[in-house]
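Notes follow once the structure below has been shown.
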Amino acid sequence: MTTTVRESAAADGGVHDLAVRTTGLRMRYGQRDVLDGLDLEIRRGELFGLLGPNGAGKSTTIEILEGYRRRSAGEVEVLGQDPERDDPSWRARIGIVLQSSRDHGRWRVGELLDHFAGYYAEPFDPAELLRTVGLSAQADQQTAKLSGGQRRRLDVAMGIIGRPELLFLDEPTTGFDPEARRDFHELIRGLRDVGGMTIVLTTHDMTEAQQLSDRIGILQAGRLTAVGTLDELAAAARARSEVRWTDHDGSPRRQLTADPSHAVWELHQQYGGPIPGLEVRRPTLEDTYLGMVSADLAESTANATATATATAIRTETP
Amino acid sequence: MNPFRLGLLRAAIELRQVLRSRKDFYSYLSTPLIFLAVAYWRAGGDKGQTTQLVPAGGVGSTIFMFGLMTVPQFLFGDREDGTLLRLRGVPGAMTAYLTGKTLFVLATMIASIAVLLLGGTALLGVGLPSSPTQWLTLCWVLLLGIAAVVPIGAAIGALLPAREALALYLMPVMGLIFVSGTFSPLRNLPTWLQDVASAFPLRWIAQGVRSALLPDAAKSYEPNGSWQHLATLGALTAWVLLGFLLAPRLLRRMAARESGSRLSEREQKRLTKAAY
Ligand SMILES: Nc1ncnc2c1ncn2[C@@H]1O[C@H](COP(=O)(O)OP(=O)(O)OP(=O)(O)O)[C@@H](O)[C@H]1O
Ligand SMILES: [Mg+2]
C-alpha cells in the first residue's frame with residue numbers, strides 16, 4: 001500500500017516533497033459530513049494558504065493534521081506519519097497556533113516562553129523570539145493581562161519556539177494592528193525562506209493570503225474547490241484583469257479582460273503609440289475568492305456566469 | 001529537557017505564583033487557619049479531648065479538600081482555558097504537567113498540614129505525635145490518604161463536563177467533611193450516616209490522623225472504641241487502587257477529546273454569558 005503511494009508520487013517529485021497528504025479525508029459530526037473526501041497535498045517548504053467561509057471546515061482540517069482530532073475516514077500523512085499516532089518525536093517537528101487561546105493565564109510572558117523552549121532539542125532563543133514578536137516590554141507581564149493582539153503574538157511565538165519543520169497557523173493575525181501584521185508577515189516569510197519551514201495558514205484576510213501564500217486552497221462545504229497559485233486560481237475562476245487608461249477627451253476608461261496583454265496590445269494599435277494613463281490591475285485574490293465562493297453559492301453555473309457578466313457590465317460603464 | 005525536570009520547574013513556577021499573589025497566599029493559608037480558629041474557639045480555655053479532635057480532623061480535611069476539591073478544579077480550569085490542549089501539542093508536556101501538578105499539590109498540602117500541626121502545638125498544646133510509633137502512623141496515613149484522594153480527584157476533574165457540574169459536585173463533597181468525624185466524634189452521628197461516611201476516604205484518613213496525634217485513651221471516642229488501623233489500611237488502599245486505575249484512563253480520554261473548536265465553542269459561550 002505504502003509502496004504504491006510512494007511510487008506514484010515519485011513521478012511528480014517524490015513523496016518526500018510532501019509535508020502533508022490527505023486522501024479521501026472525511027469528518028463527520030453526527031449526521032453531517034463537515035469534510036467530505038478531502039484530497040490535499042502540501043509540499044515541503046511552501047506556505048499554503050487555506051481559505052474558505054466560516055464553518056467550511058478549515059479548523060477541523062488543521063486539527064486533524066495536528067493530531068488533535070480523530071478523523072472519521074480517509075488517509076492522512078503529516079511529515080510521513082499518521083498524526084493519530086501522536087508520538088513525541090513527531091510532535092517536536094510540528095508547531096501549532098490555535099484559533100484562540102487563553103491558557104497559562106497566570107504565567108509571565110517571558111517565563112512561559114522560556115519554559116516551553118525547554119521541551120525542544122533546538123529551540124529558538126526565547127528572549128530573541130520575544131523581541132521578534134515585539135513583546136520584550138511585556139516579558140514580566142502576566143499573559144492574562146495582554147491585549148488581544150499581544151496574546152496572539154505570544155501564541156505565534158509559542159508555536160514556533162521549537163523550530164518546527166511544519167507550522168500550522170489558524171487565523172494567526174486576528175486582532176493584529178497593521179504594524180504587527182507587517183512584522184508578522186516578515187517573520188513568517190523569514191521562517192519559510194531562511195528556515196525552510198513548511199507553513200499552513202488559514203486566514204480571512206485575502207490580502208494576507210495573497211501576500212504570503214505560495215499556493216492557496218479554497219475549502220467549501222467540506223471539499224477543496226480550487227488549489228493552486230494565485231494565477232492558477234484566477235485563471236480557474238476566469239477572474240479578469242482590469243485595464244484602465246485615459247481617453248482622448250480626458251475621460252477615464254476601463255475594460256475587464258481575461259487577457260490583459262492582448263487588450264493592451266490592441267489599445268496600442270488603436271492609439272498608435274503610448275496609451276495615456278495606462279494601468280493594468282491583475283485580479284486580486286479577493287476578486288478570485290469572492291468570484292468562486294459566491295459562484296458556488298448560486299445554484300447553477302448558468303446563474304454564476306450571469307452574475308459574473310452582470311458584475312462585468314456594471315464595472316465597464318462608469 | 002527531561003519531562004520530569006520540566007515538571008519540577010512547572011511546580012516551582014506555580015508555587016512562586018502563589019507566593020507572589022497576596023490573595024492566593026492567604027487563601028491557601030486560610031484553610032489551616034480556619035481549622036485552628038475552630039479548635040481554639042471550641043477549646044474555650046479547657047483543653048479537653050474533643051478540642052484535640054479538631055486539629056486532627058483539620059489534617060484529614062486538608063488532604064481531602066486538596067485531593068477532591070482543589071485537584072478537580074485545577075484540572076477543570078486547565079482544560080477549560082486550553083492549557084491542556086496547548087500541552088498536548090508539545091512533546092513530553094503532559095508528563096511534565098502531571099508531575100508538576102502532583103508536586104505542587106503535595107507541597108501546598110504538606111505546608112498546610114505543617115501550619116496546622118505547628119499551630120495546634122503552639123495554640124492548643126496538641127498536635128504532634130508523641131512517640132516514634134505515632135510518627136510512623138502519621139506518615140503512612142498521610143501518604144496513603146494523599147494517594148487515595150489525588151488520583152480520584154484528577155479522575156473527577158477529567159469527567160466534569162461543565163462549570164455547573166463542578167459546583168454541583170463540590171456541594172456533597174463539602175457535606176462529607178461534616179459527617180466524617182472531623183469536627184465532632186463520629187460515634188455521635190446516626191449509624192447510617194456513619195456508614196455513608198465510611199464508604200469515603202475522609203473518615204479513615206481522619207481516624208488514622210487522630211490515632212497518630214491523640215493519646216491512646218482518645219480511642220474511646222471512636223465508633224467501636226479502637227483505632228481500626230487495619231480497616232483504615234484496607235479502605236484507603238482500595239481508594240488508591242481505584243484512583244490509579246481510573247485516573248490515567250480518564251485523563252487520556254479527556255486529553256484526546258479536547259480540541260481547538262471545543263475550546264472556541266466554550267470561549268464563545270463564556271463571552272456571551274459575560275455580555276449579559
Ligand atoms: N466538535 C464539533 N461537533 C459538531 N460540529 C462541529 C464540531 N466542531 C466543528 N463543528 C462544525 O463543523 C463545521 C466546520 O467547523 P470549523 O471550525 O472547521 O470551520 P472553519 O472553517 O474553521 O470556520 P471559521 O472560519 O469560522 O474558523 C462547522 O459547521 C462547525 O459548526
Ligand atoms: Mg476556524
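Lettering of chains follows the sequences in order, A, B, ..., and the numbering in each one begins at 1.
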[X], [atom1] atom: more than 12 neighbouring heavy atoms under 6.0 Å:
X        : atom1 : value
Phe4(B)  : CZ    : no
Arg70(A) : CZ    : no
Arg28(A) : CZ    : yes

Taking every non-hydrogen pair under 4.5 Å, which of [options] racks up the most with chain A?
options                      : value
Asn2(B), Leu9(B), Thr83(B)   : Thr83(B)
Gly92(B), Ala93(B), Ala96(B) : Ala93(B)
Gly82(B), Pro3(B), Gly89(B)  : Gly89(B)

By residue number, those in residues 129-163 of chain A with heavy atoms under 4.5 Å from heavy atoms of chain B are Arg151(A), Asp155(A), Met158(A)

Measuring only between side-chain heavy atoms, which start at C-beta, is Phe116(A) closer than 4.5 Å to Leu6(B)?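 Side chain of Phe116(A) against side chain of Leu6(B), heavy atoms only: no contact under 4.5 Å found.
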
Please tell me if the side chains of Gln17(B) and Glu111(A) come closer than 4.5 Å, counting only heavy atoms from C-beta onward. yes

Side chain / backbone / both / neither for [X] at chain A, heavy atoms under 4.5 Å:
X        : result
Arg5(B)  : neither
Ile13(B) : side chain
Glu14(B) : side chain

Heavy-atom closest contact ([X] atom, [Y] atom, distance):
X        : Y         : answer
Arg86(B) : Ser101(A) : NH2-OG, 3.7 Å
Pro91(B) : Pro88(A)  : CB-O, 3.4 Å
Gly67(A) : Arg88(B)  : O-NH2, 3.1 Å

Quick check against the 3.5 Å criterion: does Tyr68(A) have a side-chain atom that pairs as donor or acceptor with the backbone of Leu85(B)?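 Flag set: sc Tyr68(A) to bb Leu85(B) pair under 3.5 Å.
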
What's the separation between atom CZ in Arg16(B) and atom CZ in Arg106(A), rounded to the nearest 0.5 Å? 12.5 Å

Give the member of Glu66(A), Gln99(A), His104(A) that has the highest number of heavy-atom pairs under 4.5 Å with chain B.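 Heavy-atom pairs under 4.5 Å are most numerous for His104(A).
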
If I measure from the heavy atoms of chain B, does Trp90(A) come under 4.5 Å with its side chain, its backbone, both, or neither?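 Neither part.
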
